[in-house]
Each structure stands twice: as structure tokens, then as C-alpha cells.
Protein chains: 2
Amino acid sequence: MVLNAERLPPMLRISKLTDYATVILARLAEEGAGQHTAVELAELTGIGLPTASKVLKGLQRGGLVASTRGARGGYTLARPAAAISAVDIIDAVEGPLGLTECASHPGQCGLEPSCRVGRSWQRVNVAIRRALGDVKLTQLIGREANAAPAADLAVVLGSRPGLRVRS
Amino acid sequence: MVLNAERLPPMLRISKLTDYATVILARLAEEGAGQHTAVELAELTGIGLPTASKVLKGLQRGGLVASTRGARGGYTLARPAAAISAVDIIDAVEGPLGLTECASHPGQCGLEPSCRVGRSWQRVNVAIRRALGDVKLTQLIGREANAAPAADLAVVLGSRPGLRVRS
DNA sequence: CCTAATAGGACTAAAATGGTCCTGAATGCA
DNA sequence: TGCATTCAGGACCATTTTAGTCCTATTAGG
Ligand code: FES
Ligand code: FES
């Protein structure tokens, strides 16, 4: 599909940084864990300080952690762990990861008329994001075996007009 | 989590090559489309010949297309389009993409005892793969608005012993 | 044999990733 | 006020991946 799309962010990706972020968030989510400095978090998690710091910055831009600067500053969860989802984490750390490459800027791909494949992958991606949005930090950490409904990929894919995906 | 894992394949990834593969498979899946040479497919899809060729090779290694060589050779779908799933395509093109990095070779990550986060991401990944396995080529192409059940991420995540995911 | 076609892999250029570091700005405290 | 602490924001670099090209077998027809 791509062929001549300009530089666009890749699709769904879960990489090391996201991993780190989850570990750090896990620490912050621990009971009674108030404020922690980047240094503390780095030591607690075993992640290198500069890297931990970078991750933390991403998380703060993404609005997942709140920060106080200056002496006695540090980081806290911006919202309760149950209100932080897997997509939130991924988006915060890896940037607003795009959909299919030629789908973001329609009209760029020369094959667009003859092919509906790109659109399909995009739907898949959206479905995955939706499902990932139902996975909360509490679940990633281990507590709370709650079960929220996830999007059904196949259904989303086969969506004819009128067929709705249950939210 | 990673910290000192040796070079392992990344997690779930859907990139350009996969895109190309889908377009090519779509052509091969067209009614009455028997054998096509790499050159034909390249022209039909607008993908560069060398690249198309590379993709085709991957698909053949993955067992998604059957090839005949020599004069009058070419490629065909190895199985009906309805029996080819999205994971099949991804795996074939991008190699057997791994799970979480530190989960593949257990014991490598120093944080393993204190953290169960990695395991969670792994479950997420497995769930996504499962869901992707229910998405068939026919659906990616556009026909067949069939709906097979997809795995429920949140349920998989919260799996305590005894809680089963509906297949 | 000679040609058409795939198989396999070496190789390259470009981009993303992971990681480090520096400079600046806020906050609290003596 | 001055100073130490701690985050914000980037610039920057090394390494790995990716996408893409090309070259050399190998296989099959005619
Ligand atoms: S090739 Fe870009 S839309 Fe299908
Ligand atoms: S850090 Fe490797 S298992 Fe959690």
C-alpha cells in the first residue's frame, strides 16, 4: 500500500520503552506510593536513570503521571491505576502511533482506488486499540481479574453498514 | 523489563512489507486467478519487482503460497483465502514475531522475580495474535462479512486459574 | 541446452530505537 | 537571596531494523 506515503509513524508497536513505562507505573501504583523522584524510581525498577527519566517525561506529556519540580519534587500517578489503559501507555511512550501508513493521509497512495486492503488493516488496528483500551494498568500489574468487553476483530472487519460493534 | 535480553524479535508489528503481502495475496485470491509470476504480480500491484519478489519468497516459506519454478512457473495460493489468517501473513513476512522480549528466554531478565508486568504484556500479545488469527484473508480483501469470535483481551489478562477464555 | 522462472542470501541506504547528556526553569529551604 | 534539588525539553549518538536491490544457484519446459 505505501509506495509514496511521507514519513508517518508506524503502526501498533509494543517495545522496550513501553515495557519500562509499565514497570515504572506499576511502582507508582503501589499502595501508599506517594511521590517518587526519578532517581528513586530508577533504583526501584533497575532501569538506568537517564532512560527512566526519559520515560517519565513521556508519561507526563501523555498525562499519565503528574510531576512536581524543584526540591522535594517527584512523580505521582495522574489518575487512579484503574483509569489508565494499555493504549494510554503505548501512546504516551511511543507517540500517537499511527494507523496504516497510507490510510492516515488519504489520497497519497496510488493504489487506493483499486484496493481496499489498507482500509481493512486500519480497521484491524482500530479494533486492537479499542481492545487495548479495555486493558487497565491494574490488570497489567496483576491485581484485579476484572473483565471488560474487548472489541471483536472479525466483527469490526466485516462491518457492513448497519452492523455495529458493541461498545 | 528488558535490560539484558539478547537480541530477540520484537513484539507485534505490522509494517509495510505486511501491507504489500496483503495486496499481493489479494490478487492471488481473485476468482480464477491461477498462477501468476512475480513479474505479473509486481505489475498488477504496482510494487517494485525486487520487493514483490522478496515478499513472495517470504510467503512461500510461510506456506501461504505455492510456487512452481522454471519456465511457466509462478505462484498460487497454497490454501483457500478463507484459510489464511492475518497472523499467518504477519508471521510469514516479518518472521515468527516474538512475544515480550524478556519473556521468550526466561531467566534472562534480572527483574523477573519482582515483576509480573512482562508476563501480562505477553498475555496481551497472545490474545491479540489469537484475535488476529480469526481475521481471514477474505475479510481483509473485503468480501465475506463473516464474524468469528475474537479473544477477549481483558479476560485473558485477568485469567486466574480456572477462568477459561472461550476459544 | 537454452530460456523462463523461483530460491536464497549478501549487501546497502535510510530510518527507528534505545540510551546519554546538557541546558534551562521551577521549587523549597536555609 | 542564594543554593541545592528535581523536572522539562531537546540535541545528540550508537546500534539495530527495515526496505529495497542485486547476484548467483536451481528447477522446469520446450
Ligand atoms: S495500497 Fe494504499 S490503500 Fe491499498
Ligand atoms: S522486567 Fe523482565 S519480567 Fe518484568
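Values reported hereafter were calculated over all heavy atoms of this structure, with side chains retained and with hydrogens, waters and symmetry mates removed. Numbered from 1 within each chain, the chains take letters A, B, ... in sequence-line order.
Among the protein residues, B/L17 comes within range of the sugar-phosphate backbone only, with heavy atoms under 4.0 Å from sugar or phosphate atoms but none that close to a base.
Of the residues near DNA chain D, A/G74 and A/K54, the one whose nearest nucleotide (by heavy atom distance) lies more toward the 5' end is A/G74. Toward the 5' end of DNA chain D, the nearer of the two residues B/G70 and B/T51, judged by each one's closest nucleotide, is B/T51.
Between the CZ atom of A/R72 and the P atom of D/dC7 there is a distance of 13 Å, given to the nearest Å. Separating the CD atom of B/Q35 from the C1' atom of C/dA5 is a distance of 10 Å, rounded to the nearest angstrom. Following rounding to the nearest Å, A/K57 (NZ) and D/dA8 (P) show an atom-to-atom distance of 8 Å. Remark: C1' of C/dT20 and NZ of A/K16 are 14 Å apart, rounded to the nearest angstrom. Between the CD atom of B/E43 and the C1' atom of C/dA5 there is a distance of 14 Å, given to the nearest Å. Rounded to a whole Å, the NE2 atom of B/H36 is 16 Å from the C1' atom of C/dT6. In this structure, B/L64 atom CG and C/dA7 atom P are separated by 13 Å, rounded to whole Å. The separation between B/L56 atom CG and C/dG9 atom P is 17 Å, rounded to whole Å.
Contact between the side-chain N/O atoms of B/T37 and the OP1/OP2 oxygens of C/dA4 is not found at any separation under 4.0 Å. A/Q60 has a side-chain polar atom (N or O) that falls below the 4.0 Å cut-off from OP1 or OP2 of D/dA8. Using a 4.0 Å cut-off, no side-chain N or O of A/Y20 falls inside it from OP1 or OP2 of C/dG18. The shortest distance between the side-chain N/O atoms of B/T68 and the OP1/OP2 oxygens of D/dA28 is not below 4.0 Å.
Out of D/dA8, D/dG9, C/dT6, the shortest distance to the side chain of A/Y75 is found at D/dA8. The side chain of A/A71 sits closest to C/dT27 out of C/dA7, C/dT27, C/dA5.
A side-chain donor-acceptor contact under 3.5 Å links B/T22 to the backbone of B/T18.
You won't find any donor-acceptor pair under 3.5 Å spanning the side chain of B/R69 and the base of D/dT27, going by distance alone.
When only modelled atom types and interatomic distance are considered, B/S120 and A/Q139 share no side-chain donor-acceptor pair under 3.5 Å.
With B/L25 as the partner, the side chain to side chain contact (heavy atoms under 4.5 Å, CB included) test is satisfied by one option alone out of B/D88, B/I141, B/L56, B/L77: B/L77.
Shortest non-hydrogen contact noted between A/A82 and A/T138 is N-CG2, 3.8 Å.
Separation of atoms CG (A/L44) and CZ (A/R27) is listed at 5.5 Å; rounding is to 0.5 Å.
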